[in-house]
Structures are given as structure tokens and as C-alpha cells.
Amino acid sequence: PGQQKKLRDLFPQCQLCDSAQQLFDVCEKIVIAVKPQVLFEIATSLRPLVQKKHLLVSIVAGVSIAKLGDWFGTNNIIRIMPNTPCQSGKGAS
């Protein structure tokens with residue numbers, strides 16, 4: 001709840017979800033931004049929520065699209081990697 005309040009204050013126009021189920025119900029594009037070592041566990045828990053309408057956007061380093069597809073059970077995946085200048089708003093992905 002504390003983090004949600006901070007996010008609401010910073011981004012009042014954004015809708016926050018209380019659960020992964022709610023997120024997958026209201027969103028079609030889902031950004032996966034986690035450490036590679038925890039991705040398999042997260043993918044396993046989210047896989048039942050992924051539908052054909054969803055596009056997964058991964059910024060997880062070192063995990064191939066093929067592996068992501070196997071873990072999430074979908075081929076609707078984009079893999080991007082931002083470069084260091086993105087931290088200052090002058091980079092590319």
C-alpha cells in the first residue's frame with residue numbers, strides 16, 4: 001500500500017492493479033522487467049494468465065525469446081534491451 005501511494009502521487013493518470021490477475025485482465029501489453037534468476041518462477045506463476053491478446057515485452061537480460069516463449073506459453077513476445085544513455089533520457093532500445 002505504501003508503494004502504491006507513492007506511485008499514485010507520482011503518476012496520478014495511471015491505473016494500479018492489486019493482483020496479477022487484474023493486471024492481465026485490463027492490460028494487453030505486459031512489460032517483464034525482473035532479474036534473470038527469478039524469471040522462471042515468475043513465468044511459471046503468470047503462465048496461466050497469459051492469453052492470445054497479450055503481448056509480453058521483456059527487458060530481462062540474457063533470456064532468449066525461445067526460452068521466454070516456452071516459459072510463458074506464448075509466441076507474442078518482444079525482447080528489448082535499453083542502453084546506458086536511457087538513464088538520462090537520451091538512449092535507445
Side-chain angles (χ1 to χ4, degrees):
Q3 292 293 60
Q4 280 192 351
K5 179 174 179 352
K6 288 179 188 177
L7 287 170
R8 285 185 211 287
D9 292 344
L10 286 171
F11 307 102
Q13 71 280 12
C14 290
Q15 176 182 350
L16 298 177
C17 296
D18 293 319
S19 68
Q21 179 68 59
Q22 183 184 14
L23 176 74
F24 277 79
D25 287 345
V26 299
C27 296
E28 292 182 5
K29 296 170 191 80
I30 310 290
V31 176
I32 309 296
V34 298
K35 298 286 186 184
Q37 60 268 26
V38 298
L39 181 60
F40 178 76
E41 182 179 341
I42 289 169
T44 303
S45 69
L46 296 179
R47 183 181 178 136
L49 304 177
V50 177
Q51 301 172 23
K52 289 182 181 182
K53 70 175 184 174
H54 293 119
L55 173 65
L56 303 182
V57 180
S58 171
I59 60 170
V60 180
V63 181
S64 70
I65 287 180
K67 192 175 282 188
L68 290 165
D70 288 344
W71 291 354
F72 283 99
T74 184
N75 291 322
N76 294 336
I77 298 172
I78 296 173
R79 186 170 174 242
I80 61 172
M81 194 52 49
N83 62 6
T84 304
C86 284
Q87 294 173 355
S88 63
K90 298 185 185 334
S93 294

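Only this structure's heavy atoms are used, side chains among them; waters, hydrogens and symmetry mates stay out. Quick caveat, the model's predicted, so the values are computed rather than measured.
Placement of Phe40 and Val38 within a single hydrophobic cluster is found when ILVMFWY residues are connected by side-chain heavy-atom separations under 4.5 Å, directly or transitively. Under the 4.5 Å side-chain heavy-atom criterion for grouping Ile, Leu, Val, Met, Phe, Trp and Tyr, Val31 is not connected to Val34 through any hydrophobic cluster. Side-chain heavy atoms closer than 4.5 Å link hydrophobic residues (I, L, V, M, F, W, Y) into clusters, and following such links, even through other members, never connects Val57 to Leu46.
Every residue meeting the side-chain hydrogen bond (donor to acceptor under 3.5 Å, both in side chains) condition with Lys6, not counting sequence neighbours, appears here in chain and number order: Gln3. By the side-chain hydrogen bond (donor to acceptor under 3.5 Å, both in side chains) test, Arg79 pairs with no residue at all, sequence neighbours left out.
Counting heavy-atom neighbours within 6.0 Å of Gln22 CD, excluding the residue itself, gives a total above 12. Enclosure of atom CG in Asp25 by more than 12 non-hydrogen atoms of other residues, nucleotides or ligands within 6.0 angstrom is indicated.
In this structure, Gln15 CD and Arg8 CZ are separated by 9.0 Å, a value rounded to the nearest 0.5 Å. We find the CG-CZ distance between Leu49 and Phe72 to be 10.5 Å, quoted to the nearest 0.5 Å.
Asn76 places no side-chain N or O within 3.5 Å of a backbone atom of Lys53 that could act as its donor or acceptor partner.
Looking at Leu68 and Leu56, their side chains never come closer than 4.5 Å, going by heavy atoms from C-beta outward. Taking the side chain as every heavy atom from C-beta outward, Val63 and Ser58 never approach each other to under 4.5 Å. With a 4.5 Å cut-off on side-chain heavy atoms, Trp71 and Thr44 do not count as touching.
What you find for Gly69 and Ile77 is that their closest heavy atoms are N-CD1, 3.4 Å. Taking every heavy atom of both residues into account, Leu7 and Leu16 meet most closely at CB-CD1, 4.0 Å. Minimum heavy-atom separation, His54 to Ile30: CD2-CG1, 4.4 Å. The two atoms that bring Pro36 and Val60 nearest to each other are CA-CG1, 3.8 Å, heavy atoms only.
Sorted pairs that involve residues 60-73 and meet salt bridge (charged side-chain N to carboxylate O under 4.0 Å, His left out), not counting sequence neighbours, are lacking altogether.
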